[in-house]
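Written below as structure tokens is the structure these notes are about.
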Amino acid sequence: MEPAVVVSGGRTPGGAVGLLAEHASAVLDGFGHPVALIEACALPAVALLECDRSDPAIAAALADLAGARGMVLVAPVNRAAHCGLVKSVLDLLPRGALAGLPILPVTTGGRQGRGAVEFCVTPLLRELGATRLLRGPFVPEADLAAGVPARVADALAEFSLAVGRRRRLAG
């Protein structure tokens with residue numbers, strides 16, 4: 001299976017974003033994809049903000065991103081605004097790196113964040129050159145008390161198929 005990367009854009013380890021990122025990694029691993037998990041909050045802040053690609057942790061994250069055939073972006077939203085950490089990680093990528101790459105945005109936050117994917121995350125990814133955006137779920141944090149909803153696994157299954165189709169198209 002083709003490798004995938006899960007980018008966790010939470011401001012701290014754990015929490016709703018961390019739970020969804022770990023879940024996405026486990027589901028994709030179960031589908032047979034080698035998975036790299038990049039936690040934005042674990043990257044060195046100064047190197048991240050300065051786009052210092054020579055920093056070892058940044059270089060490792062970039063290598064994971066470059067080797068991936070698909071990306072799951074797990075991001076918190078607050079009042080339909082994305083987290084700056086997500087943008088900082090994406091700013092590390094060279095121009096055009098997202099073109100043709102299947103991307104599944106998974107967002108979480110308060111109930112007011114429902115439109116975040118369409119009005120915030122999708123335009124951000126399109127501006128950065130993404131051309132193969134899948135419809136990603138928004139999961140209110142309160143819903144996670146009962147576990148990760150099945151719609152997340154359904155979206156990951158669609159993502160897995162898209163990654164496989166990309167391989168066949170490119171190869």
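These numbers were taken from a predicted model, which means no experiment stands behind them.
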Contact check, side chains of [X] and [Y], non-hydrogen atoms, under 4.5 Å:
| X | Y | result |
| --- | --- | --- |
| L90 | L124 | yes |
| L144 | P149 | yes |
| V148 | V139 | no |

Examine distances only and state if a side-chain atom of [X] and a backbone atom of [Y] form a donor-acceptor pair shorter than 3.5 Å.
| X | Y | result |
| --- | --- | --- |
| R151 | F138 | yes |
| S88 | L49 | no |
| T107 | A75 | no |

Salt bridge (charged side-chain N to carboxylate O under 4.0 Å, His left out) pairs touching residues 90-105, sequence neighbours excluded, are K87-D91
Salt bridge (charged side-chain N to carboxylate O under 4.0 Å, His left out) pairs, two or more places apart, involving residues 26-38 | none
Spacing of [atom1] belonging to [X] relative to [atom2] belonging to [Y], to within rounding of 0.5 Å:
| X | Y | atom1 | atom2 | value |
| --- | --- | --- | --- | --- |
| L104 | L156 | CG | CG | 6.0 Å |
| L128 | L93 | CG | CG | 8.0 Å |
| I58 | L48 | CD1 | CG | 5.0 Å |
| R126 | L133 | CZ | CG | 4.5 Å |
| L85 | L43 | CG | CG | 8.5 Å |
| L19 | T108 | CG | OG1 | 9.0 Å |

Of the options L20, V7, V6, which is the one that meets V72 in a side chain to side chain contact (heavy atoms under 4.5 Å, CB included)?
-> V6
Nearest non-hydrogen partners of P137 and A155, listed with the distance = CD-CB, 3.8 Å
Greater than 12 external heavy atoms within 6.0 Å of R53's CZ = yes
Residues passing the side chain to side chain contact (heavy atoms under 4.5 Å, CB included) test with E39, sequence neighbours excluded, are S8, L37, A42
